[in-house]
Participant: 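Take this structure, written in structure tokens, and hold onto it; I'll ask about it next.
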Amino acid sequence: MNLIENARKLVPELTARAAEIEAGRRIPADVSKRMAEAGFFRMFVPEALGGLELSPLIAVEVFELLAQGDASSAWIAFIGATSGTVLERVPEAAARAVFGKPETLITGVFAPSGRAEIVDGGFLVNGRWQWGSGSENADWILGGCQILRNGEPLTTRSGAPRTHMVLLPASEVKFLDTWHVSGLCGTGSTDYYVEDLFVPTAHVAGYEITESSDRPLYQFPQFTFLALGIAAVSLGIARAAIDELIAVAANKIRAGSSSAIANRVHTQMEVAQAEATLRAARAFYYQALTSAWDQALAGKPVPVDQRRDLRLATTFAVQSAVKVVDAMYTQAGGTSVYETSRLQRQFRDVHVATQHIMVAASTFETVGRLFLGVETNTAML
């Protein structure tokens with residue numbers, strides 16, 4: 001299965017349906033089905049379960065390509081793929097029951113906004129989670145939970161609250177119509193909740209299976225998967241914005257001028273700088289990812305310096321993408337503000353991507369401390 005070619009074939013349809021996807025505030029069921037059949041949601045599911053267990057280098061190129069058609073669809077692809085990694089930390093029988101067909105979509109939120117009280121045979125789960133991207137098309141939905149016994153939080157050896165991802169059947173989850181936002185509108189990232197839902201122990205990732213597999217994909221830093229996806233989507237948006245501005249510039253003539261803006265020196269300089277900015281950020285991103293993945297393939301843990309570089313590269317990629325999109329949006333002038341312009345959607349989408357904590361500006365502080373040799377909490381790397 002050639003996932004990159006599958007993504008490339010889907011881009012024209014996503015481009016044509018981007019306005020429809022945005023207006024619907026979620027990915028249409030048929031588009032979600034197409035992405036599932038293309039293999040995008042099982043890229044990180046263990047091969048032993050029928051998943052593809054692909055290199056992240058392939059996956060991020062898929063996300064980047066899809067984002068050139070529609071950023072919301074690309075976002076759902078990366079959420080679905082990333083969520084599939086939890087099956088590696090679930091007992092095999094339960095994992096096979098959850099991943100019952102190749103088109104299974106698992107989504108969810110890693111933030112431990114729920115509470116899972118230990119009861120006979122499992123847990124009683126209550127919680128409400130935000131940013132549930134793609135959940136209304138999902139078969140199973142994850143919710144990060146704090147683990148409680150008799151109402152008291154369990155803690156790790158370090159004294160931190162013990163948290164786990166809990167697999168919730170989508171049929172038992174209630175959705176709230178909260179996703180009224182400025183960008184990435186089509187992701188359907190609505191709030192969802194459960195009340196007093198019994199969840200068997202086997203459906204709590206990392207509770208019974210406490211050790212990670214020695215297979216390369218699952219030795220890779222888990223937090224990094226999220227950051228990689230956000231950056232790949234942002235890079236794809238930036239690529240599409242440059243291409244869109246080039247198309248607009250060939251025909252747009254400003255008032256008082258007799259030639260298209262493509263002939264203006266300022267436009268030429270802005271496009272050239274945008275290309276350089278995007279290519280530089282993308283090169284650093286892929287270099288850092290390749291280096292870390294080579295380490296994982298060699299059967300070695302990814303060291304702090306490579307995890308540092310990955311988080312720096314992903315955050316830098318997102319910020320660079322914003323600079324590129326902003327410049328292209330500005331160059332198109334009044335054309336950009338109309339709903340019919342792809343540039344206005346790209347502008348809104350990329351700015352929403354910046355709000356994710358995994359690519360927040362605070363990443364630079366953490367990374368900078370490491371470069372300077374200052375004591376640093378690396379838990380989020």
Side-chain angles (χ1 to χ4, degrees), residues 2-4 7 43-47 51-67 74 77-78 81-82 84-85 88 110 212-239 275-324 353 356-381:
N2 189 326
L3 275 292
I4 293 173
M43 289 192 287
F44 295 157
V45 171
E47 193 173 32
L52 300 176
E53 202 173 319
L54 286 181
S55 159
L57 285 160
I58 296 174
V60 297
E61 189 169 349
V62 167
F63 306 148
E64 194 179 1
L65 277 167
L66 293 175
F78 106 70
T82 301
T85 63
E88 183 267 329
F110 286 75
S212 294
S213 164
D214 59 1
R215 296 177 70 83
L217 186 63
Y218 307 112
Q219 293 189 65
F220 211 72
Q222 281 294 305
F223 276 122
T224 300
F225 281 115
L226 283 174
L228 285 169
I230 298 163
V233 171
S234 299
L235 290 171
I237 295 171
R239 176 72 268 161
E275 279 286 351
T277 299
L278 177 58
R279 293 191 197 191
R282 190 174 185 273
F284 179 27
Y285 172 85
Y286 277 94
Q287 179 272 324
L289 177 53
T290 300
S291 178
W293 181 239
D294 285 346
Q295 188 83 357
L297 286 175
K300 302 174 184 177
V302 179
V304 169
D305 62 341
Q306 288 184 328
R307 288 187 277 138
R308 172 203 66 199
D309 288 354
L310 274 171
R311 292 300 303 283
L312 177 59
T314 51
T315 303
F316 181 69
V318 173
Q319 294 207 354
S320 298
V322 170
K323 291 178 182 177
V324 168
H356 200 290
I357 192 171
M358 294 307 297
V359 293
S362 58
T363 304
F364 290 126
E365 178 188 354
T366 301
V367 169
R369 291 175 69 89
L370 289 170
F371 279 122
L372 290 165
V374 178
E375 185 177 348
T376 307
N377 181 355
T378 60
M380 291 292 283
L381 297 184

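All values below come from the heavy atoms of this structure, side chains included, with hydrogens, waters and symmetry mates left out.
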Participant: Using atom types as modelled and distance alone, determine if a side-chain donor or acceptor of Ser291 lies under 3.5 Å from a backbone N or O of Ala288.
Facilitator: no
Participant: CZ/Phe284 to CG/Leu310 distance, rounded to the nearest 0.5 angstrom?
Facilitator: 8.5 Å
Participant: Heavy-atom distance under 4.5 Å between the side chains of Val367 and Thr315, does that happen here?
Facilitator: no
Participant: Can you give me the closest heavy-atom contact between Thr82 and Thr85, atom names plus distance?
Facilitator: O-OG1, 2.8 Å
Participant: Looking at every non-hydrogen atom in both residues, tell me the closest pair between Ala227 and Val359 and how far apart they are.
Facilitator: O-CG1, 4.4 Å
Participant: Would you say Arg311's side chain and Thr224's backbone share a donor-acceptor pair under 3.5 angstrom?
Facilitator: no
Participant: Decide yes or no for Leu52 and Val45: does some side-chain heavy atom of the first lie under 4.5 Å from some side-chain heavy atom of the second?
Facilitator: no
Participant: Are side-chain heavy atoms of Glu275 and Arg239 found at a separation under 4.5 Å?
Facilitator: yes
Participant: Do Glu47 and Arg215 come within less than 4.5 Å of each other through their side chains, counting heavy atoms only?
Facilitator: yes
Participant: Applying the side chain to side chain contact (heavy atoms under 4.5 Å, CB included) criterion to Leu370, which one of Leu312, Asp309, Asp305, Val304 satisfies it?
Facilitator: Val304
Participant: Below 4.5 Å, heavy atoms only, C-beta onward: do Met358 and Ile230 meet side chain to side chain?
Facilitator: yes
Participant: With a 3.5 Å distance limit and no angle check, can you tell me whether Thr290 reaches the backbone of Gln287 through a side-chain donor-acceptor pair?
Facilitator: no
Participant: Looking at Phe316, is its backbone amide N or carbonyl O close enough to the side chain of Ser320 to form a donor-acceptor pair, meaning the two atoms are under 3.5 Å apart?
Facilitator: yes
Participant: I want to check something: taking the side chain as every heavy atom from C-beta on, are Glu88 and Phe44 in contact at a cut-off of under 4.5 Å?
Facilitator: no
Participant: List the atom of Ile237, the atom of Ala67, and the distance in Å for their closest heavy-atom pair.
Facilitator: N-CB, 4.0 Å
Participant: Any heavy-atom pair between the side chains of Phe78 and Val60 that's under 4.5 Å?
Facilitator: no
Participant: Between Ala353 and Ser234, what is the shortest heavy-atom contact and its length?
Facilitator: CB-OG, 3.7 Å
Participant: When rounded to the nearest 0.5 angstrom, what distance separates CD1 in Ile58 from CE in Met43?
Facilitator: 9.5 Å
Participant: Search all heavy atoms of Phe63 against all heavy atoms of Gly229 and return the closest pair with its distance.
Facilitator: CD1-CA, 4.1 Å
Participant: With side-chain hydrogen bond (donor to acceptor under 3.5 Å, both in side chains) as the criterion, how do Glu64 and Tyr285 come out once you've worked through the C-alpha distance, each side chain's angles and the decisive distance to 0.1 Å?
Facilitator: CA-CA 12 Å; Glu64 194 179 1; Tyr285 172 85; over 6 Å; no
Participant: Can you establish whether the number of heavy atoms outside Ile4 located under 6.0 Å from its atom CD1 is more than 12?
Facilitator: yes
Participant: Drop me the distance from Trp293's CH2 to Leu217's CG, to the nearest 0.5 angstrom.
Facilitator: 5.0 Å
Participant: If you measure from CD on Gln219 to CD on Gln295, what distance do you get to the nearest 0.5 Å?
Facilitator: 9.5 Å
Participant: Atom CZ of Arg308 and atom OG1 of Thr378: how far apart are they, to the nearest 0.5 Å?
Facilitator: 12.0 Å
Participant: How long is the gap from CD on Gln306 to CZ on Phe220, to the nearest 0.5 Å?
Facilitator: 8.5 Å
